[in-house]
Amino acid sequence: MTQLLEGLNTQQQKAVQTTDGPLLILAGAGSGKTRTIITRIAYILEQRLAYPDQILAITFTNKAAGEMKERIAGMGIAGSERIWMSTFHAACARILRQFADRLGYTKRFKILDAADQKQLMKAIIKNQELNPKEYVPAKIISKISRAKNDKKSPDDLRQEAKSKEGRITAQLYARYNEELRRSDSMDFDDLILNANRLIRSDEEVRNYLQNKFKYILVDEFQDTNRPQNEFVKLIGAKNANVCVCGDEDQSIYGWRGAQVENILNFTYEWPDAQIVRLEQNYRSTSTILNCANAVIKNNKNRLNKKLWTENGESDAKLQVIDSESPITEASFIADKVSELLSRGYRYGDLAVLYRANYQSRSIENAFVNAGIPYKTIGSLNFYQRAEVKDMLSYLALIESNKDDVAFERIVNQPKRGLGPAAIEKLREFAEFKGWGLYETVQNLEDVPTLTNAQKNKFKRFRNIIETARDSSDTITGRLETLFEQSGYADYLSSEKVENGQSRLDNIRELITGAEQFDLEHPGAGLTGFLEHAALTSSTDETSEEGQVSLMTLHSAKGLEYPVVFMTGMVEDVFPSGLSISEGNEEEERRLCYVGITRAMEELYLCSYQTRFAGRDYYSCEPSRFINELPEELVEFKNYDRFGGLSDGEKRPTFRSGLGFNKEMLLENGQVGDKRSAGLKTGDLVFHKNFGKGVVTQYRSKKDMAVVVFPENGVKTMKGSYLTKL
DNA sequence: AGCTAGCATCTTTTT
DNA sequence: GATGCTAGCT
């Protein structure tokens with residue numbers, strides 16, 4: 001009857017064929033979940049249960065959506081490009097573009113990304129004459145986000161406020177919302193909330209959408225938040241063909257408001273729901289899988305699912321490698337990469353995972369030195385780079401004269417003599433009139449306080465935008481005009497700008513990207529392109545064949561690699577001290593579980609004894625997760641930069657708890673003479689008492705060097721005590 | 001008024 | 001080690 005089911009196990013087949021009514025797929029790591037979902041969609045289409053555009057499939061990232069679309073198209077299914085396959089945010093944006101006028105927005109409403117939000121909040125805080133150190137924009141934004149997702153209005157927040165700080169937060173929340181309204185903008189949360197509001201309040205839209213979407217699928221359901229769950233309930237209410245798929249053990253976005261309850265309560269909210277469990281793992285060796293199981297079973301809040309595999313017990317035990325410092329850890333990984341290559345692995349088979357982005361630095365240094373090609377995934381989103389965002393802000397002003405965030409970003413970038421004083425005068429008048437800042441520039445003659453010189457400068461700025469608007473109908477054409485006319489091209493070409501060339505390259509890439517977007521999305525226009533830029537995340541960049549992938553554990557979700565390195569496996573780094581102090585040990589452990597289950601064949605867990613943070617050194621204890629691994633499945637080794645690997649007989653020992661700081665080290669040193677050693681990171685040096693060492697930090701101004709001595713540990717001293725080797 | 005250099009500060013994860 | 005802010009300079 002159908003060939004689609006071939007090669008699927010019984011449970012997977014059941015998941016595919018259960019098309020009618022609500023369905024919960026509990027899918028463990030590596031259990032063939034994606035394949036099952038894809039087959040399910042193909043099956044629905046093949047059985048003619050729905051047209052492609054009657055299927056709404058939600059994925060966690062745009063990249064996942066793109067890959068799924070491709071795979072379905074590759075199965076020879078007609079019309080697969082018409083499936084609504086995207087993130088929640090993109091799907092809601094698409095709906096809102098169609099009906100935004102019913103909520104009092106225009107169809108060209110702007111979507112604020114995180115940087116925009118922060119900038120806006122900063123401006124509001126300043127405008128309210130509050131101290132931005134006391135009221136940290138990023139923190140206020142996250143409080144507002146939490147309030148929004150809990151359905152709390154500024155008034156609610158004010159009423160429950162117990163402190164001055166709480167009342168001010170409520171007040172900032174109110175101002176923030178007003179400002180979004182005024183500028184025809186929505187933040188990420190608004191996209192979901194407004195879609196829900198629209199569906200709930202507008203009967204016509206509700207009927208249209210509920211009838212349209214015959215089948216709804218949601219992947220990574222454990223990472224959905226409350227409004228997202230509500231969106232699913234609203235859209236799926238009529239046909240009830242709602243299939244959600246997830247793994248409570250991989251819920252790692254609690255800090256962003258995701259609630260595991262969505263998946264745990266699914267069968268209560270959809271009483272007829274059937275449940276399919278996918279527990280057979282096809283990805284990892286049994287060694288790796290057993291380690292993953294051993295770690296995650298320390299969590300209490302879970303459904304006690306246990307993954308199993310028919311994959312052989314591998315000879316490769318997990319390797320726990322203890323070394324001196326992050327630098328040494330990095331050189332171990334570089335060494336190991338070469339070895340893995342000689343064993344037949346390719347660069348693309350390898351991934352280095354870490355808890356926080358800053359940890360990539362030491363790895364990148366080591367890889368550059370060793371000539372290992374790598375790609376960092378997710379750290380800096382292309383569209384978030386300063387120069388790219390600047391050009392997008394110019395475009396945004398063509399799109400809307402109410403976009404103050406964009407205006408403030410680029411009105412004096414590059415410098416054109418329009419400083420805070422001139423802008424302040426403009427703002428006062430804009431506020432008085434209820435206009436946007438650029439709107440005010442379009443009506444400059446009315447502003448009495450500006451000097452003629454200032455007016456002329458603003459006029460020149462206006463010319464740039466208006467010229468670009470008229471110069472072309474294509475995004476590419478307008479971008480090129482803006483880039484030249486704004487002076488940005490000259491600015492980046494000038495000698496004094498740092499990284500001018502690579503920033504020019506970024507702009508060129510942006511222009512090429514815009515061209516491609518135009519081709520692939522005819523009719524999307526400037527609005528579509530700006531939306532694309534706002535919703536395209538950093539993890540949407542793909543790993544590449546000839547490069548080792550570097551990324552955070554969060555970014556690694558959903559991916560797999562033959563060989564995986566988990567770095568910084570020490571207390572306070574992973575698990576993150578901050579997260580632990582907030583009581584989130586279980587989420588950190590799930591993150592560890594996600595990391596371990598990315599590995600197919602070999603897994604290396606790296607710890608170190610000292611790290612440098614801020615201006616202090618800390619001695620590090622091995623991560624608690626290392627201690628949760630079954631002894632018999634793990635090999636413990638030590639690595640040092642000179643002697644290489646040696647057997648460690650036991651787990652890395654717990655080291656004395658307290659760190660020591662630079663002041664303490666300085667007190668113990670003598671003041672050396674002034675002759676500069678001219679050291680740099682990576683230099684080999686000799687010290688008369690400590691022997692050979694490697695420079696890991698050097699401050700030329702103070703002639704202070706941080707040196708790792710293999711025999712004597714990490715020391716900080718005047719460079720003048722050292723001889724370069 | 002605007003710009004620049006130099007100092008301080010802080011690094012969790014992201015649609 | 002990048003970003004933000006302040007003080008002092010033009």
Side-chain angles (χ1 to χ4, degrees), chain A residues 58-65 86-93 111-115 117-119 122 126 131-133 136-138 141-142 145 149 186-192 220 223-225 227-228 251-258 353-362 364-365 377-381 384 386 412 414-425 451 453-454 457 496 498-499 531 534-540 551-557 568 572-582 584 587-588 590-591 594-595 611-616 681 697 699 701:
Chain A
I58 303 289
T59 55
F60 193 69
T61 62
N62 296 297
K63 183 179 121 201
S86 70
T87 61
F88 273 106
H89 295 88
C92 289
I111 300 170
L112 268 75
D113 66 18
Q117 281 182 295
K118 214 173 126 187
Q119 193 194 318
K122 217 163 149 184
K126 245 186 185 154
N131 178 4
K133 278 184 187 144
V136 182
I141 289 287
S142 97
S145 173
N149 289 326
M186 301 187 199
D187 62 21
F188 286 137
D189 296 321
D190 289 340
L191 290 174
I192 317 290
E220 308 284 9
D223 285 322
T224 53
N225 65 20
Q228 287 166 343
S251 163
I252 54 175
Y253 284 90
W255 52 273
R256 206 172 78 185
L353 310 182
Y354 34 82
R355 179 63 177 79
N357 278 308
Y358 73 87
Q359 294 174 260
S360 75
R361 211 178 297 152
S362 54
E364 292 188 61
N365 281 340
I377 296 170
S379 53
L380 20 64
N381 179 347
Q384 256 157 235
N412 202 28
K415 302 272 179 284
R416 48 177 73 89
L418 290 166
I423 295 168
E424 198 43 47
K425 287 185 198 168
T451 65
Q454 288 171 328
K457 287 179 193 165
K496 57 179 178 175
E498 270 182 82
N499 305 326
E531 174 175 314
L535 293 182
T536 300
S537 83
S538 39
T539 43
D540 291 337
M551 71 191 94
T552 63
L553 288 153
H554 283 88
S555 297
K557 190 174 73 160
D572 281 356
V573 175
F574 187 42
S576 142
L578 210 66
S579 185
I580 292 293
S581 70
E582 285 167 4
N584 297 328
E587 183 153 312
E588 292 292 304
R590 291 193 290 268
L591 199 49
V594 167
R611 72 192 167 92
F612 187 64
R615 52 181 232 295
D616 295 338
T681 305
Q697 308 268 335
R699 303 264 143 114
K701 214 171 277 176

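- The interatomic distance linking Y358(A) (OH) with dT13(B) (P) rounds to 9 Å, in whole Å.
- Distances shown here put every side-chain N or O of T61(A) at or beyond 4.0 Å from the OP1 or OP2 atom of dT15(B).
- Residue N357(A) places at least one side-chain N or O under 4.0 Å from the OP1 or OP2 atom of dT13(B).
- A side-chain N or O of S145(A) and one of D189(A) form a donor-acceptor pair less than 3.5 Å apart.
- Residues satisfying the salt bridge (charged side-chain N to carboxylate O under 4.0 Å, His left out) test with D190(A), not counting sequence neighbours, are K148(A).
- Between the CD atom of Q228(A) and the P atom of dT14(B) there is a distance of 16 Å, given to the nearest Å.
- Taking atom CG of D187(A) as the reference point, atom C1' of dT14(B) lies 14 Å away to the nearest angstrom.
- If you take CD of E582(A) and C1' of dT13(B), they are 11 Å apart, rounded to a whole angstrom.
- Across all strands, D189(A) comes closer than 4.0 Å to no nucleic acid atom at all (heavy-atom distances).
- Of the options I192(A), I58(A), D223(A), a side-chain contact (heavy atoms from CB on, under 4.5 Å) to Q228(A) is made by I192(A) and by none of the others.
- Taking atom CD of residue Q117(A) and atom P of nucleotide dT15(B), one finds them 13 Å apart after rounding to whole Å.
- Nearest nucleotide to the side chain of K122(A), out of dC5(C), dT13(B), dT14(B): dC5(C).
- Evaluation of the side chain to side chain donor-acceptor pair (under 3.5 Å) rule for S86(A) yields no partner, not counting sequence neighbours.
- Note on ring orientation: taking the six-membered ring where Trp is involved, the planes of Y253(A) and F60(A) are tilted (angle from 30° to 60°).
- Rounded to whole Å, the distance from CG on L353(A) to C1' on dT12(B) is 15 Å.
- Counting heavy atoms from C-beta on, the side chains of E587(A) and W255(A) come closer than 4.5 Å.
- Rounded to a whole Å, the NZ atom of K118(A) is 14 Å from the C1' atom of dT14(B).
- Taking 4.0 angstrom as the limit, S579(A) places none of its side-chain polar atoms (N or O) nearer than this to OP1 or OP2 of dT13(B).
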List, with names and distances, any nitrogen or oxygen atoms from the protein found under 3.5 Å away from nitrogen or oxygen atoms belonging to nucleotides 2-4 of chain B.
| from | atom 1 | to | atom 2 | distance (Å) |
| --- | --- | --- | --- | --- |
| dG2(B) | OP1 | G419(A) | N | 3.3 |
| dG2(B) | OP2 | A421(A) | N | 3.2 |
| dC3(B) | OP1 | G417(A) | N | 3.3 |
| dC3(B) | OP2 | N412(A) | ND2 | 3.2 |

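- Judged by closest nucleotide on DNA chain B, E588(A) is the one of A90(A) and E588(A) placed further toward the 5' end.
- Taking only side-chain nitrogens and oxygens, R361(A) comes nearer than 4.0 Å to OP1 or OP2 of dG1(C).
- Backbone-only contact: Y253(A) has heavy atoms under 4.0 Å from sugar-phosphate atoms and none from a base.
- Shown here is K118(A), whose NZ atom has no more than 12 heavy atoms of other residues, nucleotides or ligands within 6.0 Å.
- Summarising the geometry, the separation between CG on D190(A) and C1' on dT15(B) is reported as 13 Å, rounded to the nearest angstrom.
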